[in-house]
Amino acid sequence: FVRRTDRDETNSNSSLLFPWFAQWFVEQFFKTGKSFEMDLKDKDAEAGRTWSGNAIDLSQVYGHTEERTRVLRSPTKPGQLRSQTINNGEFPVYWSSLTVAEQQACPMHFPSDIPLSDDVKGRFFVLGHPRQNLHPGLMLFATLFLREHNRICGVLKRHYPSWDSDKLFSTSRRILNAIMLKITVESYIQHINPQKTFEFWFNPSLVPLAEWDYKNRISFEFNLLYRW
C-alpha cells in the first residue's frame with residue numbers, strides 16, 4: 001500500500017490501493033440499513049440499523065446468503081466462481097448473462113438518481129456485494145479475489161482429483177479468507193502502524209487453537225465513525 005518512489009508526489013505515504021482496499025474490506029461486515037432489501041433501495045433510509053452478520057467472511061466475494069452464493073458459483077467448473085474472459089483476462093460475468101430467477105436471487109444495486117438503460121444495467125458485473133460496481137477500486141479487488149479463488153481451486157483439483165465441487169469450493173474459500181486476513185494484518189494494519197519497528201503478523205495455523213470471545217458490542221459505533 002506504500003506509494004512508489006519513482007514519481008513526484010505531494011504525499012509519499014499511501015497508494016490509491018490503500019483507501020480502495022479499506023472500503024472493499026469493510027463491505028463484508030458494515031451493511032447499514034434495516035434489511036438487505038431496504039439497503040438495496042435506499043442506503044441511508046435506515047442508517048441507524050445494520051443487517052450485517054459482523055463477520056470477516058469474504059461475503060463481498062461470495063455473497064451473504066446461500067441463494068446468492070449459488071448464483072455466483074460456476075455451474076460447469078467444479079468449485080469455481082462464475083467468470084468470463086474479456087481481453088484475455090478473467091472477470092465476473094455480466095448481469096445480462098443470468099436468468100430471471102438468478103437475477104432475483106442475486107440482485108445488484110442500480111443507482112436511482114442516474115438513468116440507466118437496460119443495456120447498461122446488463123453490463124453490470126455480478127458480485128457478492130450488490131454495490132461493488134460503484135467504482136473501479138471495488139471492482140479491482142472483486143476481480144482480483146475472484147481470480148485467486150479460481151486459481152486456488154484449480155491447484156486443489158489437480159492435487160485432490162477425488163474432491164467434489166462443494167469440497168473444492170469451501171476449501172478454496174477458507175484458504176482465500178486466510179490470505180485476506182494475512183494481507184489485512186501484515187500489510188494494511190502494518191501500513192498504518194505508527195511504530196514501524198513493531199510488526200504485526202498473522203499465522204493461520206494458530207486459529208484452530210484459539211479460544212474466541214467474540215461479542216457484537218461496538219460494530220454500530222465503528223460503522224457510524226467509518227461512514228462519517
Side-chain angles (χ1 to χ4, degrees), residues 1-33 36 39-40 42-44 47 50 52 54-64 68 72 81-95 106-114 116 120-152 173 176-193 202 222-228:
F1 298 115
V2 178
R3 280 184 183 268
R4 290 163 45 183
T5 58
D6 58 341
R7 300 188 202 174
D8 184 17
E9 301 285 357
T10 303
N11 186 324
S12 61
N13 290 335
S14 302
S15 70
L16 191 56
L17 289 177
F18 180 71
W20 280 354
F21 179 84
Q23 183 173 359
W24 174 85
F25 176 77
V26 301
E27 292 289 353
Q28 63 191 306
F29 51 86
F30 286 165
K31 301 180 175 72
T32 302
F36 169 70
D39 185 32
L40 201 61
D42 185 355
K43 183 173 182 296
D44 300 317
T50 179
S52 170
N54 301 301
I56 299 177
D57 57 1
L58 281 177
S59 60
Q60 77 274 45
V61 175
Y62 298 105
H64 68 288
R68 194 176 188 92
L72 293 167
L81 294 167
R82 290 193 190 201
S83 65
Q84 62 176 326
T85 300
I86 303 176
N87 295 330
N88 298 319
E90 186 179 23
F91 291 88
V93 297
Y94 287 138
W95 170 257
C106 188
M108 300 305 297
H109 174 71
F110 303 113
S112 58
D113 56 342
I114 302 176
L116 299 175
V120 172
K121 290 180 180 179
R123 285 184 279 117
F124 272 50
F125 291 107
V126 179
L127 306 170
H129 194 290
R131 295 181 177 275
Q132 295 220 325
N133 283 279
L134 179 64
H135 65 69
L138 295 175
M139 273 305 307
L140 182 152
F141 283 103
T143 302
L144 178 65
F145 274 72
L146 176 144
R147 292 177 179 181
E148 184 64 5
H149 171 95
N150 289 347
R151 186 195 69 81
I152 292 170
R173 179 173 182 170
L176 193 58
N177 202 69
I179 292 174
M180 183 266 298
L181 287 171
K182 193 171 183 67
I183 292 171
T184 303
V185 173
E186 298 184 5
S187 293
Y188 179 79
I189 295 178
Q190 182 63 31
H191 181 64
I192 61 178
N193 172 26
F202 174 73
F222 196 88
N223 192 0
L224 180 62
L225 177 63
Y226 174 79
R227 298 295 185 189
W228 192 273

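Because the structure is predicted, anything quoted here is derived from the model rather than measured.
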Chemist: For Leu146 and Ser83, work out which heavy atoms get closest and say how close.
Modeler: CD2-CB, 3.9 Å
Chemist: First locate atom CG of Leu81, then atom CD of Glu148, and finally report the distance between them rounded to the nearest 0.5 Å.
Modeler: 11.5 Å
Chemist: Given Phe25 and Tyr188, is the side chain to side chain contact (heavy atoms under 4.5 Å, CB included) satisfied, shown in steps?
Modeler: CA-CA 10 Å; Phe25 176 77; Tyr188 179 79; 5.9 Å; no
Chemist: Looking only at heavy atoms, what is the nearest atom pair of Met108 and Val126, with distance?
Modeler: SD-CA, 4.3 Å
Chemist: Using the ring pair (Phe, Tyr, Trp, His ring centres under 6.0 Å) criterion, which residues pair with Phe125? Sequence neighbours excluded.
Modeler: Tyr94
Chemist: If you look at every heavy atom in Pro130 and Pro107, which pair is closest and at what distance?
Modeler: CB-O, 3.6 Å
Chemist: Restricting to non-hydrogen atoms, name the atom on Glu27 and the atom on Gln23 that form the minimum distance, rounded to 0.1 Å.
Modeler: CG-O, 3.0 Å
Chemist: Would you say the side-chain atoms of Asn87 pair up with the backbone N or O of Gly89, donor to acceptor, closer than 3.5 Å?
Modeler: no
Chemist: Sub-3.5 Å donor-acceptor pair from the side chain of Gln60 to the main-chain atoms of Trp24, do we have one?
Modeler: yes
Chemist: Side chain of Glu90, backbone of Gln84: donor and acceptor closer than 3.5 Å?
Modeler: no
Chemist: Would you say Gln28's side chain and Leu58's backbone share a donor-acceptor pair under 3.5 angstrom?
Modeler: yes
Chemist: Can you tell me how far CD of Glu186 sits from CG of Leu181, rounded to the nearest 0.5 angstrom?
Modeler: 10.5 Å
Chemist: Tell me the closest heavy-atom pair linking Thr143 and Pro92, and the distance in Å.
Modeler: OG1-CD, 3.8 Å
Chemist: Out of curiosity, Leu16 CG to Phe21 CZ, how far, rounded to the nearest 0.5 Å?
Modeler: 14.0 Å
Chemist: Of Arg68, His149, Arg173, which is the lone residue that meets side chain to side chain donor-acceptor pair (under 3.5 Å) with Tyr62?
Modeler: His149
Chemist: Closest approach of Trp95 and Cys106, non-hydrogen atoms and distance?
Modeler: CZ3-O, 3.0 Å
Chemist: From Gln190 CD over to Ile183 CD1, what is the distance, rounded to the nearest 0.5 angstrom?
Modeler: 14.5 Å
Chemist: Does Asn133 reach the main-chain N or O of His109 with its side chain, forming a donor-acceptor pair under 3.5 Å?
Modeler: no
Chemist: Leu127 vs Leu138, test: side chain to side chain contact (heavy atoms under 4.5 Å, CB included). Steps then yes/no.
Modeler: CA-CA 10 Å; Leu127 306 170; Leu138 295 175; over 6 Å; no
